[in-house]
Amino acid sequence: MSFAELGLSPEILRAVDELGYSEATPIQAKAIPLVLSGRDLLAAAQTGTGKTAAFLLPILERLKKFANPSVSPAMHPVRALILSPTRELADQIGVNAKAYTKHLPLRCTTIYGGVNMDPQTADLRRGIEIVIATPGRLLDHIQQKTIQLNKVDVLVLDEADRMLDMGFIQDIRKIMSLLPKQRQTLLFSATFAPEIKRLAADFMHDPQTVEVARQNSTNAQVEQLVYAVDSGRKRALLSHLIREREMSQVIVFCKTKISADQLSRDLKRDGHAAEAIHGDKAQSARLETLNSFKSGEVKVLVATDVAARGLDISELPFVVNYEMPNSPEDYVHRIGRTGRAGASGVAISLMSPDEVKQHEAIEKLTRQTLPPQTVNGFERRDASSAADSGFGSRNAGRERSDARPAREPRAERAERSERPERSERPERSERPERSERPERTERAPRAPRDLRDAATRSREQRDPQEGLKVARVGEIGGRILPQRQREVPALLLPPRYKVNQER
DNA sequence: AAAAAAT
C-alpha cells in the first residue's frame, strides 16, 4: 500500500517521497490509520520493519492543525512526547522526525542526558510541538520547570516493553502523572511479554492491538546460528569467524560493560578496528563511536545492550552474541540490528556451557529451535563427557558440525606469516580465560580497576568528596543509584527465566 | 549474575 492511500497530507507525503519511500510496510499500513483515528494502540512488529515512521507520520498528520510559523512560544506547546530507552535511539528518532517535518511548520527537539542542558532549555523556551526524550533528563527539565507537558495529546513509548520494565517504570509513571488524562497513548515494540500487556492496560483506554507476525518473532531475513564453544575459546572463535566469514562489519554484543571493554581491547590488540560502546562511556565518545561505525571506519562495534534496541545501521551484515543476553527479548532486539528494511543478515551466537539456560529461553520465546553447532577446531574440549561439561543433556546429540568447515590452522598460519612478531607470543587462544585460570584463586584479590569514564574520574579528582558520596549512597558498577531507584518498586515483574512460564 | 536512564 502506498503512503498516499493512508490519508497523509501532501507536505508529509513530499518529505516521505524525498527520503525515497513509496510503499508502506505492513506495520505502517495497519498502524497509521489507527493512530489517525485517535485510538490508543499497542503495536508489535518485527525489528527493522519501520515502526518509527508508523507512529511519526500519523502523529505529524494529527498535529498538522497546530502547524504554525508563529515565533510566539505560547503557540508551540508540547503536543507529542516520544520516550526512548537510550540516548542514541532518541537521537535517531529525532533525526527521522526532523526529516519528516521538513515541509511542515512543526518543531521537534531531542532531550537526553550526558550533554549540556542549556541548548535543550533554549529550544524548549522557543516552543516545540514534538519532544523526543529519555526519561531521566526529561524529569530533570520537569523539575526545573523548563518544560510543560499539560498540552500533550500523544504519548509514544518506543521499545515499550523496555520502558515499562523495572528499571524505567517509576520514571514513566511519574511522567505520565503529569500528562493530560485525555490523550492518545501508543506502545511500539518487537517484543511484548504478557505481564507488560497487563501493565499497559492500566493506562490505556480501550487500546487496539496491531500485530504483524507473532509478537516476539525474529525477522525471517536473519539467518541465526548458535555455536557451542568453551568460554575460554570464544575470543579465538570470534577472530576466526570475522576472518572466515569476511565480516566487513559486525556488532558484537557482550553482557557487561567490563567484558565489552575487555573484548574491544583484545580485538584491537589482534589488529581489528574495534571500539566499545556502553553506558559508562562519555556521551561524546558514544556518539563518536557510533558515527565512526556507521561511516565504516570502525569494523567491529563491541556493545552492551545499550545498542540492542532500535538502532538502525544500514546494511549491517552481521551480529554476534559474544555472550548470550540475560533476557530472551534482548536476543530478538540484538539480532534485529541486521536484516533491516528487507535486507538479509546473519546472527551468530557463541554459547558456552554456562549459557544453555539462556539459549533455551530464546528458543522458547521465539518458538524456534536453534540447534547448537560446533566449528571445526573449536569443539568443546571434552565432547565425550557432555554430562559434566555443563551442556545439558537436552542438547546432547543435537550439535552438528558447522556446514562451512573451518580452516583455522591455515588461516592462522597465513596471519602469522604476515605478522611475524605475533608468533613470538604464546598462542593466546589456547589459554583459558583469566577467570578460569586456577592460580587466580591463590592470589590475593586485586583492587578493582577504575572503569568509570574520564569525566567521572576527573570530577572525583577535583572533588575528593565525590568518591565518598558514591560510597555513602551505595552504587552498582560505579554508578550512583538515584534516590527513587532504591525505593521498593510499585510493581515487581516476574523473573525472566521462570520455567514453564506461559508465553 | 545486567544494562539503561539525571547531576
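Computed over heavy atoms, backbone and side chain alike; hydrogens, waters and symmetry mates excluded. Quick note on labels: first sequence line is chain A, next is B, and so on, each numbered from 1.
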Legend entry - Working for side-chain hydrogen bond (donor to acceptor under 3.5 Å, both in side chains), residues Ser292(A) and Ser295(A): CA-CA 5 Å; Ser292(A) 32; Ser295(A) 77; 5.6 Å; no
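- Nucleotide dA4(B) holds its P atom 12 Å from the CD1 atom of Ile258(A), rounded to whole Å.
- The distance from atom CG of Asp118(A) to atom C1' of dT7(B) is 13 Å, rounded to the nearest whole Å.
- Atom-to-atom, CD of Glu355(A) to C1' of dA2(B) comes out at 13 Å; the value is rounded to the nearest Å.
- Here Asp140(A) lies in heavy-atom contact (under 4.0 Å) with a base.
- Looking at heavy-atom distances under 4.0 Å, Arg286(A) makes contact with sugar-phosphate atoms alone, never a base.
- Rounded to a whole Å, the CD atom of Gln170(A) is 18 Å from the P atom of dA5(B).
- Applying the side-chain hydrogen bond (donor to acceptor under 3.5 Å, both in side chains) rule to pairs touching residues 147-157 of chain A yields nothing, sequence neighbours excluded.
- The CG-P distance, from Leu83(A) to dA6(B), rounds to 11 Å in whole Å.
- The separation between Asp354(A) atom CG and dA2(B) atom P is 13 Å, rounded to whole Å.
- In this structure, Arg337(A) contributes its side chain and His333(A) its backbone to a donor-acceptor pair below 3.5 Å.
- Among pairs with a residue in residues 114-126 of chain A, those fulfilling salt bridge (Lys or Arg N to Asp or Glu O under 4.0 Å) read Asp123(A)-Arg126(A), at least two apart in sequence or across chains.
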